[in-house]
Amino acid sequence: MVLIKFLLITIIVLWIIRVLIRMIFPVMLKNVFSNMQNQATNNQQQNYSSKPEGSISIDYMPKKEKKGNADKLGDFVDYEEVK
């Protein structure tokens, strides 16, 4: 008798969980995808409005080396290609 009661309650609980998941899961997915789409749209609008078209931004400029100091540049050797 106890086993039948346990199985019956388990089946009912699992059936209720299945029904709830079928109702709640699509709504949750819709909300998640909607939020992702809103974030992508906001990021795209921020990127578009932050820089006007044709503007150039330089994040890093290397140090300029002195061209007159040949000692630091090393030895230059002329060569001929042998065929």
Side-chain angles (χ1 to χ4, degrees):
M1 187 72 175
V2 176
L3 181 63
I4 294 175
K5 231 178 177 179
F6 174 76
L7 289 176
L8 186 66
I9 292 174
T10 305
I11 290 172
I12 292 173
V13 168
L14 290 176
W15 182 79
I16 291 173
I17 290 173
R18 189 183 93 194
V19 169
L20 287 176
I21 287 176
R22 284 188 179 188
M23 291 177 167
I24 295 173
F25 189 68
V27 174
M28 288 175 47
L29 276 179
K30 185 177 179 181
N31 287 339
V32 168
F33 285 126
S34 176
N35 288 339
M36 288 173 57
Q37 186 175 12
N38 288 338
Q39 286 177 354
T41 304
N42 289 340
N43 287 341
Q44 191 176 32
Q45 287 175 353
Q46 287 176 355
N47 289 341
Y48 183 72
S49 64
S50 65
K51 283 198 297 185
E53 185 175 341
S55 68
I56 298 173
S57 63
I58 299 173
D59 295 334
Y60 171 75
M61 288 184 62
K63 296 178 183 178
K64 294 182 180 179
E65 294 184 20
K66 297 178 183 177
K67 294 182 181 180
N69 194 354
D71 291 338
K72 289 185 181 178
L73 298 176
D75 294 332
F76 293 100
V77 178
D78 292 332
Y79 68 94
E80 289 184 19
E81 187 175 333
V82 178
K83 291 185 179 182

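Quick note: residue numbers are just sequence positions, from 1. Basis for what follows: all heavy atoms, side chains included, without hydrogens, waters or symmetry-related copies.
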Nearest 0.5 Å please: distance from the [atom1] atom of [X] over to the [atom2] atom of [Y].
{"X": "Lys5", "Y": "Thr10", "atom1": "NZ", "atom2": "OG1", "answer": "12.5 Å"}
{"X": "Met28", "Y": "Ile21", "atom1": "CE", "atom2": "CD1", "answer": "9.5 Å"}
{"X": "Leu8", "Y": "Leu3", "atom1": "CG", "atom2": "CG", "answer": "11.0 Å"}

Test side chain to side chain contact (heavy atoms under 4.5 Å, CB included) applied to Met36 - qualifying residues, sequence neighbours left out: Val32, Phe33
Contacts of Ile11 that satisfy side chain to side chain contact (heavy atoms under 4.5 Å, CB included) - sequence neighbours left out: none
Hydrophobic cluster membership, with links at side-chain heavy-atom distances under 4.5 Å among I/L/V/M/F/W/Y: are [X] and [Y] in one?
{"X": "Ile12", "Y": "Leu20", "answer": "yes"}
{"X": "Ile9", "Y": "Ile17", "answer": "yes"}
{"X": "Val19", "Y": "Ile16", "answer": "yes"}

Main-chain N/O of Lys30 paired to Ser34 side chain as donor or acceptor, under 3.5 Å: no
Remaining members of the apolar cluster that contains Ile4, side-chain heavy atoms under 4.5 Å: none
